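All remarks here apply to the structure that follows.
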2 protein chains.
Amino acid sequence: MRTTSVNHFILETLQDSQTHLNAHQVYEQVRQRLPSLNPSTVYRALERLALAGKISVSDMGCGAVVYEAVGGCRHHHLVCHGCGAVITLGDDLVRGWFAQVEAGHHFQVATNHLVLFGYCEACRQKGEGQEQSLWEA
Amino acid sequence: MRTTSVNHFILETLQDSQTHLNAHQVYEQVRQRLPSLNPSTVYRALERLALAGKISVSDMGCGAVVYEAVGGCRHHHLVCHGCGAVITLGDDLVRGWFAQVEAGHHFQVATNHLVLFGYCEACRQKGEGQEQSLWEA
DNA sequence: AATTATAATGCAAATAATTGCAATTGCAAA
DNA sequence: TTTGCAATTGCAATTATTTGCATTATAATT
Ligand SMILES: [Zn+2]
Ligand SMILES: [Zn+2]
Ligand SMILES: [Zn+2]
Ligand SMILES: [Zn+2]
């Protein structure tokens with residue numbers, strides 16, 4: 001990966017924001033410094049940075065895929081299908097399990113920002129996620 | 001969820017194919033029985049079936065999201081970034097870990113087809129996934 | 001500094017997926 | 001059955017993302 005200004009600015013933007021940004025948000029930020037920037041350049045740079053392990057790429061149910069800088073303390077998330085709540089999961093529990101998977105399958109896991117969907121306590125009590133239908137087997 | 005023919009045919013298509021199909025493939029299949037079918041109807045029906053837990057939705061790195069019927073024996077996958085190899089992971093190891101996550105966070109995990117990316121043994125030996133850059137901290 | 005090979009970019013076009021809205025349909029209550 | 005409501009659909013427009021190709025820029029080599 002070459003040291004282009006786009007790579008640099010995107011990484012800087014994600015590191016500074018410390019949150020999940022979608023491609024358009026990254027584009028708008030970086031465009032302030034590189035006015036001639038093209039959206040497809042951003043998509044390609046994001047893909048590059050992700051493959052290099054410098055950022056994470058995740059579908060968190062927000063319509064567009066979101067990106068985040070992968071810093072010293074990794075983390076993961078639980079996202080509620082009912083209310084959209086995002087719970088952060090430390091890396092300890094995840095790393096340990098990944099190690100098990102790796103050991104059992106001769107495979108090196110690179111996923112650096114796992115997102116699991118489900119239902120939070122509040123939504124579960126409201127009955128969310130209990131959809132039934134006439135089709136049940 | 002109502003018992004519409006679209007819901008029925010989509011579910012049947014996915015159950016019969018026993019593989020991962022993308023939205024366009026599902027559309028083509030079902031359209032043979034419902035010629036006036038519209039793609040957006042398929043997307044919406046797929047979303048519905050997924051929310052009801054009858055099918056899984058996953059990005060397996062094929063460009064388009066893929067869907068699969070969730071049958072009796074659940075499974076998950078490891079996908080190699082280097083060569084695209086897809087390794088199937090039984091549900092036992094996954095279910096156990098999900099239970100841990102659920103217990104620790106008052107959250108009911110609904111993810112029914114987990115996909116982890118990484119590098120297979122062969123690609124690891126070829127040096128894939130070892131990309132370095134001039135930027136290393 | 002000039003040359004070369006290849007990675008990165010811009011642009012336009014293609015593909016994938018979502019959304020608003022009016023018309024239709026399934027389902028259940030009357 | 002008939003009626004009424006809400007879920008579902010088609011269609012067009014919008015948004016999100018990818019891709020082909022010609023051009024430009026980076027970094028190594030001469
Ligand atoms: Zn995060
Ligand atoms: Zn919730
Ligand atoms: Zn599968
Ligand atoms: Zn591989």
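In what follows, chains are A, B, ... by sequence order, proteins preceding strands, each numbered from 1. Quick caveat, the model's predicted, so the values are computed rather than measured.
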- Message: Is it the case that over 12 heavy atoms from other parts of the model lie below 6.0 angstrom from the CD atom of A:Glu28?
- Response: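 Check passes, neighbour count above 12.
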Rounded to whole Å, how long is the line connecting atom [atom1] of [X] with atom [atom2] of [N]?
X       : N      : atom1 : atom2 : answer
B:Asn22 : C:dT18 : CG    : P     : 13 Å
A:Met1  : C:dT6  : CE    : C1'   : 16 Å
A:His8  : D:dA25 : NE2   : C1'   : 17 Å

- Query: Rounded to the nearest 0.5 Å, what separation is found between the CD atom of B:Gln108 and the OG1 atom of B:Thr111?
  - Reply: 11.0 Å
- According to the interplanar angle, ranging from 0 to 90°, do the rings of B:His81 and B:Tyr119 count as parallel (below 30°), tilted (30 to 60°) or perpendicular (above 60°)? tilted
- Query: Would you say B:Asn7's side chain and B:Leu49's backbone share a donor-acceptor pair under 3.5 angstrom?
  - Reply: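 No; zero donor-acceptor contacts below 3.5 Å.
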- Item | Any donor-acceptor pair under 3.5 Å from B:Gln25 side chain to B:Asn22 backbone | yes
- Query: Quick one: does A:Glu68's side chain get under 4.5 Å of A:His75's, heavy atoms only?
  - Reply: yes
- Answer yes or no: is there a side-chain heavy-atom contact under 4.5 Å between B:Arg74 and B:Arg95? no
- Task: Under the ring-ring contact (aromatic ring centres under 6.0 Å, His included) rule, collect the residues that match up with A:His24, sequence neighbours excluded.
- Result: none
Strictly under 3.5 Å: I want the nitrogen or oxygen pairs between protein and nucleotides 22-25 of chain C, one per line.
| unit_1 | atom_1 | unit_2 | atom_2 | d |
| --- | --- | --- | --- | --- |
| C:dT25 | O2 | B:Arg2 | NH1 | 3.2 |

- Message: Between A:Glu47 and A:Arg44, does any NZ, NE, NH1 or NH2 come within less than 4.0 Å of an OD or OE carboxylate oxygen?
- Response: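 No, this pair does not count.
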List every contact pair, protein side and nucleotides 22-24 of chain D side both N or O, where the distance is under 3.5 Å.
none

- What does the inter-axis angle of the helix from C:dA1-D:dT30 to C:dA30-D:dT1 come out as, five pairs per end, nearest 10 degrees? 30°
- Task: From the options A:Leu11, A:Leu46, A:Leu37, A:Asn38, select the one residue that forms a side-chain contact (heavy atoms from CB on, under 4.5 Å) with A:Val6.
- Result: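 Passing option: A:Leu37.
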Transitive ILVMFWY side-chain link [X] to [Y], under 4.5 Å:
X        : Y       : value
A:Val115 : B:Val94 : no
B:Val101 : A:Ile87 : yes
B:Leu114 : B:Val86 : no

- Query: Is the distance from OP1 or OP2 of D:dT26 to the nearest side-chain N or O of A:Thr4 less than 4.0 Å?
  - Reply: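 No.
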- Give the C-alpha distance, both sets of side-chain angles, the deciding distance and a yes or no for salt bridge (Lys or Arg N to Asp or Glu O under 4.0 Å) between A:Glu102 and B:Arg124. CA-CA 12 Å; A:Glu102 290 181 329; B:Arg124 210 177 345 161; over 6 Å; no
- Query: Of the residues in residues 24-36 of chain A, which ones touch DNA chain D at a heavy-atom distance under 4.0 Å?
  - Reply: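 Nothing qualifies; none.
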- Could you list by number each residue of residues 38-46 of chain B showing a heavy-atom separation from DNA chain D of less than 4.0 Å, or answer none if no residue does?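 Heavy-atom cutoff 4.0 Å gives B:Asn38, B:Ser40, B:Thr41, B:Arg44.
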- Message: For a quick test of reading the model, state the closest non-hydrogen atom pair linking A:Trp97 to B:Leu116 and the distance between them.
- Response: CZ3-CD1, 4.1 Å
